[in-house]
Every structure is written in C-alpha cells, then in structure tokens.
Amino acid sequence: MCKGLAALPATCLKSAKDMKHRLGFLLQKSDSCDYSSSQGKKEKTPPAQRVSQEEVKKWADSLENLIHHDRGLAAFRAFLKSEYSEENIEFWVSCEDYKKTKSPAKLSPKARKIYNEFISVQATKEVNLDSCTREKTSQNMLEPTLSCFDEAQRKIFTLMEKDSYRRFLKSHFYLDLV
C-alpha cells in the first residue's frame, strides 16, 4: 500500500529532486543530439560527448571560460533555469548573437527585439539593470549600433559573475561534472 510522499524520509525526497534535475539536464542535451543515420548519412553525432576533467576545471577559473564552452554554457543555463533566473544568460547570449549581425538593415529590428524582451520596463524577461544603464541603453536604441548593449551586457555579466556563477560552482550541476 502506498503511503504517499509524506512517508518518505527527507533524504529520499532530496535525492529524488536531485535526480529529477540531472535527468532534466540530460534530456535537454539529448534533444540537441542528431542521429543522421535516418537521413542516409554514415556519420553519426555522438550522443553525449564527455567533457574532459581539465576543461571542466577551467570553468572554475572564470565565468568567461564557462560560457564560452558549449557544454559549460548548457550546464550554467540549466543551473540558472533551476533558480528561475535564466533571463540573465539568455540576455548575454542574445547580445553576443546581436554583435555578429552583418546586415545594417537587421540591426534595428534585432535591437528592438532584445530591448523589448529584456530591458524595457514591461519586458517579459526583464534583467536587473540600474536606472542609469537602462536609460543609456534606451538612448542607444534611437540609433542602434553593434555596441548599443555593451554596457548593459557588461553589468549583467558582472552580476552573474558575482552571484549565480559562485553558486553554480557549489551546485551539483558543476560538482557532478568534476
């Protein structure tokens, strides 16, 4: 007879939650793996490439090392998602993508999209910026350039570096990889 979750010890519930987080992370990564055999090609993308211990340890050196590595970025994103604060890394990644825009005609619509999604007062994924930076970024929107989000991106990077990155290094998302 099932007595429900209340009958389980707290340690079992914590272990179950940890497993749920790990499985969620693995499921998220397995979606991106592509087996091209169905397309008639002989090459297969390995389902889960392991990251070397040296590489994982480099992630602890700096947030830069972490987010410039695909697997590190994915792990950090999963951690932020578990803390309900993934808007910071999404904003940072959007800014990096924006800086790669080659067509001047695409600058303004892309900038407006980023601004509306992350910076405006009624943004769906509003990031935590001081009023001065928000105002300067708003002014930059009048004539968007590749550098119009630089100051805001720097502030969010610093915020992540001082806060969530340190917690990430102590989390099971990182420690399980080490």
Side-chain angles (χ1 to χ4, degrees), residues 15 17-39 41-103 106-107 110-111 113-115 117-119 123-129 133 137 145-178:
S15 294
K17 282 183 180 179
D18 287 346
M19 269 198 270
K20 179 183 171 191
H21 283 295
R22 288 185 196 135
L23 288 173
F25 176 68
L26 291 173
L27 287 173
Q28 181 183 19
K29 291 313 295 169
S30 68
D31 290 345
S32 66
C33 294
D34 175 32
Y35 291 96
S36 52
S37 60
S38 62
Q39 298 169 346
K41 296 179 184 175
K42 291 184 180 180
E43 294 180 75
K44 286 186 182 179
T45 304
Q49 293 176 335
R50 303 247 343 141
V51 181
S52 72
Q53 287 296 308
E54 297 81 36
E55 193 64 42
V56 172
K57 288 176 183 172
K58 283 183 191 175
W59 299 349
D61 293 340
S62 72
L63 179 57
E64 285 273 340
N65 289 347
L66 174 68
I67 61 181
H68 283 101
H69 189 280
D70 289 342
R71 297 284 181 187
L73 178 61
F76 189 54
R77 189 178 295 217
F79 168 74
L80 291 175
K81 195 170 190 174
S82 77
E83 290 198 330
Y84 303 100
S85 63
E86 67 267 23
E87 69 277 355
N88 291 328
I89 196 65
E90 287 180 21
F91 172 68
W92 187 88
V93 169
S94 293
C95 290
E96 288 297 295
D97 180 55
Y98 175 78
K99 290 183 212 175
K100 296 173 187 170
T101 304
K102 300 226 185 297
S103 167
K106 292 182 180 179
L107 280 182
K110 271 186 159 184
K113 183 177 188 278
I114 292 171
Y115 182 84
E117 190 173 359
F118 298 104
I119 296 176
T124 54
K125 299 176 183 177
E126 186 179 353
V127 291
N128 188 10
L129 291 171
T133 305
T137 306
T145 63
L146 289 177
S147 62
C148 68
F149 295 110
D150 283 358
E151 186 174 344
Q153 186 184 21
R154 246 187 324 276
K155 296 270 182 169
I156 294 303
F157 180 88
T158 302
L159 180 70
M160 289 189 298
E161 188 174 44
K162 290 181 177 178
D163 187 32
S164 45
Y165 172 63
R166 291 178 182 179
R167 285 195 312 278
F168 169 77
L169 294 176
K170 295 174 185 172
S171 75
H172 70 81
F173 290 91
Y174 178 72
L175 296 175
D176 287 354
L177 295 170
V178 176

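If you're wondering where the values come from, they're calculated on a predicted model, not measured in any experiment. Residue numbers run from 1 in the order of the sequence given.
Using a 4.0 Å cut-off between a side-chain N of Lys or Arg and a carboxylate O of Asp or Glu, Glu161 and Arg166 do not qualify as a salt bridge. Between Lys125 and Glu90, at least one side-chain N (NZ, or NE/NH1/NH2) sits under 4.0 Å from a carboxylate O, which counts as a salt bridge. Using a 4.0 Å cut-off between a side-chain N of Lys or Arg and a carboxylate O of Asp or Glu, Lys58 and Glu54 do not qualify as a salt bridge. We find that Glu96 and Lys99 are joined by a salt bridge, their nearest charged nitrogen and carboxylate oxygen being less than 4.0 Å apart.
A heavy-atom distance below 4.5 Å is not found between the side chains of Ile67 and Tyr165. Using a 4.5 Å heavy-atom cutoff, the side chains of Ile156 and Leu129 are in contact. Side-chain contact between Leu159 and Asn88: present, with at least one pair of heavy atoms (C-beta onward) separated by less than 4.5 Å. A heavy-atom distance below 4.5 Å is not found between the side chains of Thr137 and Glu151. Side-chain contact between Thr124 and Glu87: absent, with no pair of heavy atoms (C-beta onward) separated by less than 4.5 Å. Looking at heavy atoms from C-beta onward, Phe118 lies out of side-chain contact with Glu126 at the 4.5 angstrom threshold. Using a 4.5 Å cut-off on side-chain heavy atoms (C-beta onward), Phe168 and Leu63 make no contact. Side-chain contact between Tyr174 and Leu66 is absent, with no heavy-atom pair separated by less than 4.5 Å.
Pairing each heavy atom of Ala111 with each of Phe149, the nearest pair is O-CZ, 3.3 Å. Closest approach of Ser164 to Phe76, counting heavy atoms only: OG-CZ, 3.9 Å. Among all heavy-atom pairs drawn from Ala123 and Glu117, the shortest one is CB-O, 3.3 Å. Shown here for Leu177 and Ala75, the closest heavy-atom pair between the two residues is CD1-CB, 4.3 Å. When every heavy atom of Trp59 is checked against every heavy atom of Asn65, the shortest pair comes out as CD1-O, 3.8 Å.
Between Phe157 and Trp92, the two ring planes are tilted [angle within 30° to 60°].
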Problem - Audit row: Thr101, Lys110, side-chain hydrogen bond (donor to acceptor under 3.5 Å, both in side chains) steps and yes/no - result: CA-CA 9 Å; Thr101 304; Lys110 271 186 159 184; 3.2 Å; yes
Practice task
Kindly determine whether Asp163 and Arg167 satisfy salt bridge (Lys or Arg N to Asp or Glu O under 4.0 Å), including the steps that lead there.
Solution key: CA-CA 7 Å; Asp163 187 32; Arg167 285 195 312 278; 2.4 Å; yes
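To the nearest 0.5 Å, atoms CD (Gln153) and OG1 (Thr158) are separated by 10.5 Å. Rounded to the nearest 0.5 angstrom, Ser94 OG and Ile89 CD1 are separated by 10.0 Å. Note that the CG atom of Leu80 and the OG atom of Ser171 stand 9.5 Å from one another [nearest 0.5 Å].
A donor-acceptor pair under 3.5 Å is absent between the side-chain atoms of Ser147 and the main chain of Asp150, judged by distance alone.
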